[in-house]
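Below is one structure, written out as structure tokens; the observations come after it.
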Amino acid sequence: MGLHALSSQRASTSAERRELTIKWIGGLLALLVLLGGVAGLWRMVTGLGATTALTDDIPWGIWIGFDFSLIAFSGAAFTMAGVVYILRRNTYRPALRPAVLTGLLGYTAVLVLLVLDLGRPDRFYHFILFWNAHSPLFEICWCILLYTVVLTVEVSPQVLEKIGHPKWAHRIHLAIVPVAIIAVTLSSLHQSTLGTLYLNMPHRLNALWFTPILPVLFFSSAVMTGLTMGALGYRAACAVTGQKMERRVYGGLARAAGWLAVLYLAIKVGDWIARGQMPALLRFDYYSRLMWGEIALLVIPAVLLIVPALRRNLPAVSAGLLLLAGGVLLNRFNATLFAQVQPHGAVYSPAPAEWLSTFGVMAAAALAWLLAVRFLTVFEPQKNQHASPATTKADAARKA
Amino acid sequence: MSEPTPKSLSISRRQFLRACAPALCGAAAGVSLLTADHKTAGAAAPQFSPDEVPAILIDVSRCIGCGNCQRSCAAENGLPCDTQAELGPDTYTVVEDAQVAGGQDRFVKRACMQCLHPACASACPVGALHQDGRGVVVADTSKCIGCRYCQYACPFGVPRFEWDDPLGVMRKCAGCAERVAKGQPQACVAGCPTGALKSGPRGELLKEAHARIQAAGGKYLNYVYGENEVGGISRLYISDVPFEGLGLPLVGPSPVPVYAESVVTRTPAIALSVAALCTGTYAVMKRRERNLGHDQIEVEEE
């Protein structure tokens, strides 16, 4: 939108430069959405065999890999709701609304990708009609459905304020603590159940990953990822709106994420020792090297986020957070694809339609996030806040 | 934006939640006890006796690889009648040619193993794959959403997906549930000319398998594949050559769904515990916040 006009414009002030960057990023995302839409449509018309590289040997591919990663990233919403409403850490309140937006849009992206992945997308609602309470996937489907409703409620005050119903926004706010408790409960269930899902594959998942405590590992890493994305989302929202970033919010969440990484790694190491898997870890074969990748992406960020001298360095903290997010991505992809013992030595290399639709859906979520942060009240006005020069400049730029 | 909450309202909500906390804790403890009782009572215990499950005894030494079982299966299920080499959505059974030591051939009939504790049925989110009243693992394709989780859960690689259909579902051998309900042998057994396949209740066939092994002196290996595999399956194999060479998956004795089901059946207890823990934490933190006596926090909260 308006890219031609803008490219000729002189970006003189920082606010204008920011606007220009946002529009370029928005345009790029829109292009990805368009390509992904075409790929998704093609897949719907011609079917899975014609458009994907999936087979009976490897029936789940990057759609599922990104789904499970996105669910972990969307853990930002329940983690921040827990931090602010249940642990009552008001300091982190500015990071709440961006995180809740991340959650809602992340889950929406997951739902779209899951429908693309189904052999019968027209039967997506069947889990509501036909129950199998023993299936982890059944539990995940229900939790995601209910939690998406809860997230919509959590996001609604931002929209209601914008469209001129502050009274309704206030009423929802009165019920926010019970809503937050429901949100944390539903999230604890399905974040851990994603790990339970793999417990039905003892013959397929490599023993370094397969452990009866997979639900615990998936849950603790979801909290770690939630704090990570809570911090990164807050920083991104500040960058988009021009709001001055509070270092204690960003740094505090980052440090907590670092400690969670230590805890998560400690549980993993304990599990390996308990199950006698240390020799397998020290074999440095294909599987062992994959796991060492995960370990590196926990240890390096933990150092960057915890050691006081590094913690004060903004680029170091951001690098730590991004590495931590990368580590979770690797972990979820390892569980889904790389650390699976594929039957008959089968190989999977994703088809173009899979890549395009995946990035299209994720770009749509990112674009919606960008627009929401830009146009909704993502930072609540605070009574005790003394307007900083940066904020006033941003407000002035927005009004202009 | 919003005016501070009237103080009375804020207090009543807190009091309400604080009253809820012990109630929720109690409920959580109760439910976890209940589910524990449930488990020992055997919540997932099948309604059928494992000895009565319709089974097939497969004598590898008697199979000549003629493929009649495949043709008979295809005719029974209305599938295209060409003898494929691999299982597929239109091929419920195959006869695999295994090259064994000494340049010999052995033919191994493969189809759904009809587990007593089927992982596919445990994994299926919509119950499309399930055990009927006799313990036969059947596939209700009208429920299947095509999620393909069963393909990961099945340790034998049996369920096959209709990749070429824009609206594809999962298909597999349904153990001729209708035929066995009428007391008839499965179609593949009915088509076998050599007696390599025999139909009957699992308990009887297990006895017969061991009897054949004993009676033949040293001809057979003293092992019935399927007796204990993944908690027992109702396709029982006996062989005169080592099983390692036959391509049958080497699986352990514990049923695949034990790990996941032990977690999933605790879901209500976990949910209530988390909710109670959150409510309790909220009550404690809220009181601490109040004790700080900051008007400012009260204002900020809403």
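Here is how names work: the chains are called A, B, and so on, in the same order as the sequence lines, proteins then strands, and each is numbered from 1.
- Under the 4.5 Å side-chain criterion, counting only non-hydrogen atoms from C-beta, B:V274 is not in contact with A:L189.
- In this structure, the separation between CG on A:D56 and CD on B:E86 is 8.5 Å, given to the nearest 0.5 Å.
- The minimum heavy-atom distance between A:Y85 and B:Y282, with the atom names listed, is O-CD1, 3.3 Å.
- Here A:R88 contributes atom CZ and B:R290 contributes atom CZ; the two are 12.5 Å apart, rounded to the nearest 0.5 Å.
- For the pair B:D164 (side chain) and A:G49 (backbone), a donor-acceptor distance under 3.5 Å is absent.
- Neither the backbone nor the side chain of A:S192 comes within contact range of chain B, judged by heavy atoms closer than 4.5 Å.
- For A:I58, the parts lying under 4.5 angstrom from a heavy atom of chain B are both the backbone and the side chain.
- Between A:W60 and B:Y149, the angle of the ring planes stays under 30°, which puts this pair in the parallel group of the 30/60° scheme.
- Contacts with chain B were tallied for A:V84, A:I182, A:I86, A:T46; A:I86 has the most, counting heavy-atom pairs under 4.5 Å.
- Note that the SG atom of B:C144 and the CZ atom of A:R123 stand 7.0 Å from one another [nearest 0.5 Å].
- Residue with the most contacts toward chain B among A:F138, A:F127, A:F130: A:F130 (heavy-atom pairs, distance under 4.5 Å).
- The distance from atom SG of B:C124 to atom CG of A:N132, rounded to the nearest 0.5 Å, is 6.5 Å.
- With a threshold of 4.5 angstrom between heavy atoms, B:V251 does not approach chain A through any atom at all.
- Top candidate by heavy-atom pairs under 4.5 Å with chain B, chosen from A:V184, A:V45, A:D117, is A:D117.
- Under the rule for a ring-ring contact (aromatic ring centres under 6.0 Å, His included), A:F68 has no partner lying at least two apart in sequence or in another chain.
- Between the side chain of A:H134 and the backbone N or O of B:E261, no donor-acceptor pair lies under 3.5 Å.
- More than 12 heavy atoms of other residues, nucleotides or ligands lie within 6.0 Å of OH in A:Y348, so this atom counts as buried by the packing criterion.
- Among A:L87, A:T193, A:T377, the residue with the largest count of heavy-atom pairs under 4.5 Å with chain B is A:L87.
- Shortest non-hydrogen contact noted between B:R148 and A:L54 is NH2-CD1, 3.7 Å.
- The minimum heavy-atom distance between B:Y152 and A:H203, with the atom names listed, is O-NE2, 3.0 Å.
- Residue with the most contacts toward chain B among A:L199, A:L205, A:L114: A:L199 (heavy-atom pairs, distance under 4.5 Å).
- Across all non-hydrogen atoms, the minimal contact from A:L137 to B:P125 is CD2-CG, 3.8 Å.
- Scanning both residues, A:T185 and B:A271, for their nearest heavy atoms gives CG2-O, 3.4 Å.
- Between A:N200 and B:P257, some side-chain heavy-atom pair lies under the 4.5 Å cut-off.
- Between A:P59 and B:F161, the closest side-chain pair of non-hydrogen atoms is not below 4.5 Å.
- With values rounded to the nearest 0.5 angstrom, B:L167 atom CG is found 4.5 Å from A:R120 atom CZ.
- Applying the 6.0 Å contact sphere to CH2 of A:W168 captures no more than 12 heavy atoms from other residues, nucleotides or ligands.
- Side-chain atoms of B:V264 and A:S135, non-hydrogen and from C-beta on, never get closer than 4.5 Å to each other.
- Neither the backbone nor the side chain of A:I64 comes within less than 4.5 Å of any heavy atom of chain B.
- Annotation for B:F243: atom CZ counts as buried by contact number, over 12 foreign heavy atoms lying within 6.0 Å.
- Between B:K286 and A:V177, the closest side-chain pair of non-hydrogen atoms is not below 4.5 Å.
- Put simply, SG on B:C278 and CZ on A:F78 are 9.5 Å apart, with the number rounded to the nearest 0.5 Å.
- With a 4.5 Å cut-off on non-hydrogen atoms, B:A128 does not touch chain A at all.
- When the candidates B:S122, B:G127, B:G88 are compared by the number of heavy-atom contacts under 4.5 Å with chain A, B:S122 comes out ahead.
- Listed by first and then second residue, the salt bridge (Lys or Arg N to Asp or Glu O under 4.0 Å) pairs that reach into residues 173-189 of chain A come to none, sequence neighbours excluded.
- In this structure, chain B has a heavy atom under 4.5 Å from the side chain of A:F210, while its backbone stays farther away.
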